[in-house]
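Reading through the structure tokens given below for one structure.
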Amino acid sequence: MNVLLIYPQYPDSFWSYKYALRFISKKAALPPLGLITVSAMLPSGWQKRLVDMNVTSLLEKDIQWADYVFISAMYIQKSSVRKIIDECVRSGVKMVAGGPLFTQDYSDYPQIDHFILNEAEITLPMFLKDLNEGNPKKVYKTDEFPQISSTPVPDFHLLQIHKYASMNIQISRGCPFSCEFCEITSLFGHKVRLKSTRQILAELDRLYELHWRRPVFIVDDNFIGNKKAIKYELLPAMNEWMKKHKYPFTFNTEASIDLADDRELMLLMADTGFDSVFIGIETPEESSLNECNKVQNKNRDLVRSVKDIQQSGLQVSGGFIVGFDNDSPSVFQRQIDFIQQSGIVSAMVGLLNAPKNTRLYSRLESEKRLTTEATGNNTDLSMNFVPKMNYHELIAGYKKIIHDIYTTGPYYKRIRQLLTNYKPRCKRPVKISWIEIKAVLKSILIIGVLNKGRTHYWKLFIWTLLRRPALIADTMTFSIYGYHFRKVFGLSD
Ligand code: B12
Ligand code: SF4
């Protein structure tokens with residue numbers, strides 16, 4: 001059996017990092033971990049090829065080679081999914097689809113032959129059994145959440161590894177919290193399910209064998225969802241592994257803000273090679289945190305928490321939302337002040353949207369406020385419900401936030417804020433490759449010479465050399481990210 005695994009193209013967005021990737025001659029930030037995980041679960045005699053359309057083109061001959069095309073997607077990839085379906089229909093190749101887009105709603109894709117929904121650890125074996133017996137069904141789904149302690153090491157070898165900025169691994173699924181707008185718990189449940197330490201070390205071994213020596217993103221919904229297991233079991237073992245292999249990777253992940261309450265855990269993460277963490281901050285407005293049930297963010301000094309994390313050796317990137325029912329017009333300036341004070345350089349500010357199968361969706365449906373389907377991109381000015389605040393006021397406020405945090409003046413000021421507070425502990429030996437040298441030269445030319453905001457670039461460059469010379473690589477990286485953010489948000493300087 002020949003299987004072609006296809007990952008559809010995603011549009012330019014905050015997360016695509018398209019304009020930053022050009023500096024380091026990479027095509028995509030991360031590979032499609034779901035697809036290569038599914039690939040590793042297929043029968044060993046099957047032939048497999050992968051086309052990630054974000055790094056390479058989908059050719060007709062690839063489709064013609066395949067007996068089955070396997071597609072994985074999230075909402076944001078919808079329009080590329082449509083094109084793939086058309087091409088497969090034209091070539092008469094059977095299609096199998098899975099992943100979050102289809103798990104949440106597959107009714108829009110009648111041309112797809114088989115939907116293998118939810119987590120493939122349960123549904124894929126059901127399909128393979130029926131296929132073997134010559135009677136595969138249209139839809140496979142389950143209400144159960146599988147243990148992931150026997151999920152195989154993903155087929156990393158199928159990737160054109162050098163085209164990605166970072167690799168990714170998954171340690172756990174699920175999150176104990178219950179934020180109203182979040183679909184993670186409907187997809188993966190509240191119980192945090194972990195792979196074994198042995199599985200994780202095997203994944204690190206595989207990446208190492210493939211000569212990967214760059215960042216590794218741990219894609220967990222909440223890395224500290226089961227603090228005890230990671231603090232006393234996993235991290236000490238990862239720490240040993242990293243020491244033994246001379247720190248070949250840097251790690252980053254996603255976690256809830258209560259990470260700030262455990263200094264020992266933060267230091268252990270930083271000593272293991274973690275250099276940053278993404279945190280859903282959402283809003284400094286306490287009433288809006290109440291509204292969305294972000295309990296872990298309530299009743300705390302959020303700026304202090306962020307700074308504590310930075311001082312423990314982890315940079316913080318963050319997600320922010322406007323459009324809550326409790327947001328008053330003052331929220332825009334509060335968000336700007338918060339982001340500037342906290343030194344969160346990569347701040348993903350989005351408009352609230354209600355994805356299907358969330359409590360927010362049900363509430364807005366009962367209040368008859370839903371208007372359309374969510375696009376899946378919360379930075380494209382779209383909303384799928386009628387907000388309490390006047391929509392135009394909300395959009396104007398949102399644009400003001402973006403302008404006031406991403407134009408060069410405040411953006412470079414924020415980098416300085418971070419670098420002043422951040423205390424790195426990373427033990428990775430400094431190795432400068434040709435990729436980094438080229439990135440520096442390109443950034444000097446494009447950001448330092450051709451770009452309007454060049455004075456800020458040079459001021460920060462000199463400030464870093466004088467005050468925090470060890471952090472010059474971070475300065476370069478953030479300058480390049482800033483260029484991407486300005487491009488993606490259409491800001492001129
Ligand atoms: C890593 C990640 C990213 C990465 C990129 C990933 C990539 N390769 O490009 C980054 C950080 C860039 C990112 C960005 C975004 N992401 Co994201 N991301 C994730 C995250 C945290 C992990 C994904 C992952 O690797 N999982 C591990 C694998 C093993 O799980 P999996 O993909 O679900 O696969 C399993 C099953 O689904 C199934 N399966 C999957 N595919 C297939 C295919 C077939 C054929 C079969 C049989 C089975 C199958 O089998 C697998 C094993 O069980 C998920 C949350 C999550 N826990 O999954 C969100 C998630 C996928 N992202 C989401 C969103 C909304 C986004 C953004 C649009 C955010 C935004 N608002 O702007 C952006 C858009 C990206 C862009 N480039 O424009 C949503 C998708 C919702 C949806 N229903 O589509 C998720 C689910 C998080 C959420 N909030 O609910 N993301
Ligand atoms: S903490 Fe994050 S992953 Fe968990 S429910 Fe809230 S938004 Fe979702």
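Atoms within a ligand are numbered from 1 in the order they appear, just like the ligands themselves.
Ligand 1 has no N or O atom lying under 3.5 Å from any N or O atom of Asn377, backbone or side chain. At a 3.5 angstrom cut-off on N or O pairs, Thr37 does not count as close to ligand 1. For ligand 1, one of its N or O atoms has an N or O atom of Ser13 under 3.5 Å away. Annotation: Gln104 places no N or O atom under 3.5 Å from an N or O atom of ligand 1; distance criterion only. For the pair Pro31 and ligand 1, the shortest N or O to N or O distance falls below 3.5 Å. Geometrically, ligand 1 and Glu119 share no nitrogen or oxygen pair separated by less than 3.5 Å. For ligand 1, the polar-atom distance check finds no N/O of Leu35 at less than 3.5 Å from any of the ligand's N/O atoms.
Residue contact annotation: Cys182 places no N/O/S atom under 2.8 Å from atom 6 (Fe) of ligand 2.
Less than 4.0 angstrom separates some heavy atom of Ile184 from each of these atoms of ligand 1: 55 (C), 87 (C), 88 (C), 90 (O). Close contacts of ligand 2 with Gln296, meaning ligand atoms under 4.0 Å from a residue heavy atom, involve 1 (S). Taking a cut-off of under 4.0 Å to the non-hydrogen atoms of Ile76, the atoms of ligand 1 that pass are 68 (C), 74 (C), 78 (O). Every atom of ligand 1 with a heavy atom of Leu187 under 4.0 Å away is listed here by number and element: 86 (C). Set against the non-hydrogen atoms of Phe70, the atoms of ligand 1 under 4.0 Å away are 45 (C). Each of the following atoms of ligand 1 lies closer than 4.0 Å to a heavy atom of Asp221: 55 (C), 56 (C), 57 (N). Close contacts of ligand 1 with Glu121, meaning ligand atoms under 4.0 Å from a residue heavy atom, involve 52 (C), 53 (O).
Other residues, nucleotides and ligands contribute only 12 or fewer heavy atoms inside 6.0 Å of the NZ atom of Lys27. Atom CD of Glu144 is surrounded by 12 or fewer heavy atoms from other residues, nucleotides or ligands within 6.0 Å.
Distance remark: protein heavy atom present below 4.0 angstrom from atom 76 (C) of ligand 1. Within the 4.0 angstrom cut-off, atom 54 (C) of ligand 1 has no protein heavy-atom neighbours. For atom 61 (C) of ligand 1, a protein heavy-atom neighbour is present inside the 4.0 Å cut-off. Contact annotation for atom 85 (C) of ligand 1: protein absent (non-hydrogen atoms, distance under 4.0 Å). Distances from atom 81 (C) of ligand 1 to the protein include at least one heavy-atom value under 4.0 Å. For atom 4 (C) of ligand 1, the nearest protein heavy atom lies closer than 4.0 Å. Atom 45 (C) of ligand 1 is flagged as protein-proximal [any protein heavy atom, distance under 4.0 Å]. For atom 19 (C) of ligand 1, the nearest protein heavy atom is 4.0 Å or more away.
Taking 4.0 Å as the cut-off between side-chain N and carboxylate O, Glu119 and Lys141 do not count as a salt-bridged pair. By the 4.0 Å N-to-carboxylate-O rule, Asp308 lies close enough to Arg304 to be salt-bridged with it. A salt bridge is defined here as a Lys NZ or Arg NE, NH1 or NH2 lying under 4.0 Å from an Asp or Glu carboxylate O, and Asp113 with Lys137 fails to meet this definition. With salt bridges taken as basic N to acidic carboxylate O contacts below 4.0 Å, none links Asp220 and Lys195. Comment: Arg300 does not engage Glu286 in a salt bridge, judged by the lack of any side-chain N to carboxylate O separation of less than 4.0 angstrom. Salt bridge status for Lys356 with Glu365: absent, with no side-chain N to carboxylate O gap under 4.0 Å. A salt bridge links Arg206 with Glu209; the closest basic N to acidic carboxylate O contact falls under 4.0 Å. Between Glu285 and Arg334, at least one side-chain nitrogen of the basic residue sits less than 4.0 Å from a carboxylate oxygen of the acidic one, meeting the salt-bridge criterion. Between Asp155 and Lys48, at least one side-chain nitrogen of the basic residue sits less than 4.0 Å from a carboxylate oxygen of the acidic one, meeting the salt-bridge criterion.
When the heavy atoms of Ile122, Thr358, Ile116 are ranked by distance to atom 47 (C) of ligand 1, first place goes to Ile116. With atom 34 (O) of ligand 1 as the reference point, the heavy atom nearest to it among Ser72, Pro146, Gly34 is part of Gly34. Nearest-residue assignment for atom 58 (O) of ligand 1 (options Phe115, Phe188, Tyr164; heavy-atom criterion): Phe188. Atom 16 (N) of ligand 1 has its nearest heavy-atom neighbour, among Met74, Gln9, His114, in Met74. Of the candidates Gly225, Ala255, Pro176, Cys179, it is Cys179 that places a heavy atom closest to atom 5 (S) of ligand 2.
Nearest approach of Leu302 to Pro284, heavy atoms of both residues: CD1-CA, 4.5 Å.
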Check your understanding: Does the pair Ser166 and Asn168 meet the rule for a side-chain hydrogen bond (donor to acceptor under 3.5 Å, both in side chains), with working shown?
Key -> CA-CA 7 Å; Ser166 173; Asn168 40 7; over 6 Å; no
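Closest protein heavy atom to atom 70 (C) of ligand 1: Asn378 OD1, 3.5 Å. Regarding atom 4 (Fe) of ligand 2, its nearest protein heavy-atom neighbour is Cys175 SG, 2.3 Å. Closest to atom 10 (C) of ligand 1 among all protein heavy atoms lies Leu30 CD1, 4.2 Å. When hydrogens are left out, the protein atom nearest atom 25 (O) of ligand 1 is Leu33 CB, 3.4 Å; that is the closest non-hydrogen contact.
Heavy-atom separations between Glu254 and ligand 1 include at least one value shorter than 4.0 Å. Not close to ligand 1: Gly350, with no non-hydrogen atom less than 4.0 angstrom away. Using a non-hydrogen distance threshold of 4.0 Å, Phe14 does not register as a contact of ligand 1.
By the criterion of a heavy-atom distance under 4.0 Å, both the backbone and the side chain of Val219 are placed next to ligand 1. Contact annotation: for Asn118 versus ligand 1, heavy atoms closer than 4.0 Å belong to the backbone alone. Only side-chain heavy atoms of Lys294 come within less than 4.0 Å of ligand 2; its backbone N, CA, C and O stay farther off. In Tyr10, the part holding a heavy atom less than 4.0 Å from any atom of ligand 1 is the side chain.
Between Phe127 and His114, the distance separating the two ring centers is shorter than 6.0 angstrom. For Tyr164 and Trp212, the distance between ring centers is not under 6.0 angstrom. Between Tyr398 and Phe332, a ring centre-to-centre spacing not shorter than 6.0 Å is recorded.
Counting only heavy atoms from C-beta outward, the side chains of Ile281 and Val306 approach each other to under 4.5 Å.
At a cut-off of 3.5 Å, with distance as the only test, no side-chain donor of Asn377 or Thr375 sits close to an acceptor on the other residue. A donor-acceptor contact closer than 3.5 angstrom links the side chains of Ser288 and Asp327. A donor atom on one side chain and an acceptor atom on the other are not found under 3.5 Å apart for Glu180 and Asn293. At a cut-off of 3.5 Å, with distance as the only test, a side-chain donor of Asn357 or Gln104 sits close to an acceptor on the other residue.
With respect to Tyr481, the ring-ring contact (aromatic ring centres under 6.0 Å, His included) criterion is satisfied by exactly one of Phe23, Tyr19, Trp15, Tyr17: Tyr17.
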